Amino acid sequence: MRNALGSVDTVLLLGGRSEIGLAIVERLVRDGVRRVVLAARDAAGGVPPVIGAAEVHLLDFDAARPETHGEVIEAAVKLVGDLDVVIPAFGVLGSQAAYDADPVAAAGAVAVNYGGHVSVGLHAARRLREQGHGTLVVLSSVAGIRVRRANFVYGSAKAGLDGFAQGLGDALHGSGAHVMVVRPGFVIGRMTEGMSPAPLSSTPGQVADAVIDGLRSGAEIVWVPGLLRAMFAVMRVLPRAVWRRMPR
Amino acid sequence: MTSFLTGWGRTAPTPARLARPGSAEQVAELLRRAPERGVAARGLGRSYGDAAQNAGGLVVDCTGLTSWSLDETTGLVTAAAGVSLHDLMAALVPRGWFVPVTPGTRHVTVGGAVAADVHGKNHHVDSSFGAHLRSLTLVTADGESRTLTPGDELFWATVGGMGLTGIITEAVFRCVPIETSRIRVDVERTRDLDHTLETMTATDDRYRYTVAWIDLLARGGRMGRSVLTRGDHAAREDLPRGADPLAFSPRSLLAAPRWAPDGLLNPVTVRAFNEAWYLKSRPGSLVQGLAPFFHPLDFVDGWNRVYGPRGFVQYQFVVPFGQEATLRRIVSRLSAEGVVSFLTVLKRFGPGTPGMLSFPLPGWTLALDIPAGQRGLAGLLRAFDERVAEAGGRVYLAKDSRMSAETMAAMYPRLAEWRKVRDGADPGGVFRTDLARRLRL
């Protein structure tokens with residue numbers, strides 16, 4: 001349960017090796033979370049340790065197999081009770097050139113980045129609605145706010161996810177459960193290794209800090225860094241001919 | 001009907017379906033059809049935290065259970081759980097009786113008073129509410145109505161059990177005879193914390209009712225300066241001739257505004273208030289009505305709104321006698337941090353009841369209100385929790401809204417015993433509250 005000062009007790013991280021996800025969990029534990037469930041592919045094969053939690057549980061989870069997602073949420077509830085914060089943090093980036101060459105791989109990536117989140121999100125939302133409290137943290141991206149030529153497969157999946165998350169948040173309105181949409185820009189980390197950072201990039205730790213602030217204040221949408229919100233207000237209305245020429 | 005509920009501190013609202021039964025049979029009927037997310041009992045919502053909330057489940061509003069009777073020869077009152085102490089007093093006082101224990105507000109129900117095993121200014125002499133109970137009627141998870149007496153384990157799991165053993169529908173307790181509706185009060189001011197503790201230790205036993213109000217914002221040599229008010233029921237000869245000795249018609253004089261901004265209570269306003277209060281409380285004796293003596297805050301309807309939309313946290317702990325060092329450290333830390341608390345109250349407790357989760361134990365109890373938005377509050381209170389637990393003390397569940405399950409277990413050594421009795425009465429876990437989930441009871 002969320003207490004009077006905004007601290008929570010349990011967290012479920014789906015994509016248990018995600019840098020951003022683990023950075024959020026680490027901060028939640030520092031803030032008072034005692035029970036952590038990490039769901040990851042081949043969970044037994046090793047997940048980074050979470051320091052300071054009273055209980056850390058591991059569950060096998062495959063984002064590409066939506067038929068198993070309901071069981072994973074149920075198993076997490078069996079382990080720790082009510083889920084205070086649920087963070088689906090799985091995803092694949094991939095290069096646009098590779099997707100252009102391999103449409104099957106592109107469809108697979110979209111199935112994870114969008115389809116996997118839809119399935120996990122709906123299962124989690126059902127549980128949060130029943131329990132009358134809890135927050136689903138959806139890791140969207142500015143890549144989905146206006147999709148660019150340079151990564152439109154990834155961007156379009158994020159666009160879908162962002163719209164899904166907003167709709168789900170509205171559907172849960174009045175139930176006691178919340179959805180928080182997080183829109184980072186370029187995040188410097190394992191996922192973007194070898195790529196040169198875009199302007200207004202951030203680190204997983206900075207994204208996690210923003211998520212913690214947002215959870216505390218009950219924010220519905222969080223931009224990381226905050227300046228991206230103003231920037232994308234402009235980007236969204238740029239003429240197509242200009243947008244098309246954006247370098248990356 | 002689904003409603004979002006909070007405690008008196010107005011923090012952490014959660015939705016629940018509300019039902020308001022009019023009889024014990026209707027309570028039993030509701031329990032037979034208990035939903036998956038369980039059932040919680042609620043009275044007038046004066047617990048500060050999440051004790052009477054049940055996210056996603058059913059909350060049984062007991063304020064529809066209002067019948068009661070007084071045996072004028074013995075002073076025994078038989079009251080349904082939803083009767084408020086306010087209503088009882090309004091009827092009992094003119095007939096020459098007073099409730100055995102009253103907390104700082106009259107607006108609590110009998111059921112809530114039992115479930116929290118409430119205490120008042122007479123704890124050092126009369127213990128808590130549970131000590132005055134003859135019997136209880138509890139509707140358990142199976143829908144059966146059971147009458148319990150102090151010889152039953154389940155009785156002492158229910159007294160102070162925060163409503164988690166069943167729904168209390170009736171209580172029988174003994175009231176005290178009074179000659180007048182006034183209190184003869186002695187007021188004294190103390191210089192600092194040591195002086196406060198000394199004076200209370202030396203003089204408490206001379207009075208039935210005692211309490212100290214501490215100015216937490218006073219620093220340095222004045223840290224812990226207090227206003228002590230001690231009193232006894234006034235005798236007829238204490239009143240001016242011609243006064244109606246048992247007149248009692250308490251009501252609230254004003255209502256707090258529907259909305260107050262965050263930060264209305266800040267170091268500046270509270271310091272000014274504390275200073276005024278300290279200076280206004282002139283040492284001496286006076287005769288006061290029951291309501292201003294016991295329930296000064298009841299004069300302002302909805303005073304909890306003054307803390308603004310983010311609400312507030314009440315922190316009340318007790319440490320055993322001999323652990324004054326812990327009390328001193330906490331008071332000096334609060335004073336050093338400039339924690340904005342007005343009406344911080346210090347009280348000496350006498351012996352507790354056998355209630356397994358009852359709060360009071362012989363020692364010092366300090367209660368303070370803090371705006372929930374105060375920076376660094378979570379860490380500060382966590383540090384206090386540890387100190388209190390180490391000293392063999394505990395935090396009051398009826399006021400708690402933020403403790404962790406682990407600290408709570410360290411503070412309540414009889415938790416395992418209580419769980420065993422509770423599991424016997426409620427094997428399926430029908431009774432659930434947000435507090436029980438948070439503290440993993």
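This is a predicted model, so every value here is computed, not measured. In what follows, chains carry the letters A, B, and so on, assigned in the order in which the sequence lines appear, proteins first and then strands, with residues in each chain numbered from 1.
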request  = Pick one of side chain, backbone, both or neither for B/Ala405, based on which atoms fall under 4.5 Å of a heavy atom in chain A.
outcome  = side chain
request  = Could you verify whether a donor N or O on one side chain and an acceptor N or O on the other, from B/Asp117 and B/Tyr396, lie under 3.5 Å apart?
outcome  = no
ask   = Checking A/Asp31 against chain B: side chain, backbone, both or neither under 4.5 Å from a heavy atom?
value = backbone
request  = State whether the side chain of B/Arg438 and the backbone N or O of B/Met403 hold a donor-acceptor pair below 3.5 Å, judged by distance alone.
outcome  = yes
request  = Using a cut-off of 6.0 Å, state whether more than 12 heavy atoms not belonging to A/Arg229 lie near its atom CZ.
outcome  = no
task = Go through the atoms of B/Arg402 and report whether side chain, backbone, both or neither lie under 4.5 Å from a heavy atom of chain A.
result = both
key: B/Arg387 atom CZ, over 12 foreign heavy atoms within 6.0 Å   = no
Which atoms of A/Arg2 approach chain B - backbone, side chain, both or neither, heavy atom under 4.5 Å = backbone
remark   = Looking only at B/Gly379, B/Ala372, B/Gly57, B/Ala55, the option with the highest number of non-hydrogen pairs under 4.5 Å against chain A is B/Ala55
inquiry  = Heavy-atom cut-off 4.5 Å, strictly under: side chain, backbone, both or neither for A/Gln131 against chain B?
reply    = both
message = Given heavy-atom pairs under 4.5 angstrom as the criterion, report whether the side chain, backbone, both or neither of B/Tyr48 touches chain A.
response = neither
inquiry  = Whether A/Arg30 and A/Glu26 form a salt bridge (side-chain N of Lys/Arg under 4.0 Å from carboxylate O of Asp/Glu) is what I want to check.
reply    = yes
task = With a 4.5 angstrom heavy-atom cut-off, could you sort out which part of A/Arg216 is near chain B: side chain, backbone, both or neither?
result = neither
ask   = Is B/Arg37 close to B/Arg437 at the side-chain level, that is, under 4.5 Å between some pair of heavy atoms?
value = yes
request  = Examine whether an atom of B/Glu406 lies under 4.5 Å from a heavy atom of chain A, and if so say whether it belongs to the side chain, the backbone or both; otherwise answer neither.
outcome  = side chain
Partner chain A: residue of B/Ala12, B/Gly373, B/Pro15 with the largest heavy-atom pair count (under 4.5 Å) = B/Pro15
Interface moiety of B/Arg440 toward chain A, non-hydrogen atoms closer than 4.5 Å = side chain
query = Yes or no on side chain to side chain contact (heavy atoms under 4.5 Å, CB included) for B/Val331 and B/Leu216, after CA distance, side-chain angles and deciding distance?
reply = CA-CA 7 Å; B/Val331 169; B/Leu216 266 192; 4.1 Å; yes
key: Portion of A/Ala54 that has a non-hydrogen atom of chain B nearer than 4.5 angstrom   = side chain
key: Part of A/Thr10 within contact of chain B (heavy atom distance under 4.5 Å)   = side chain
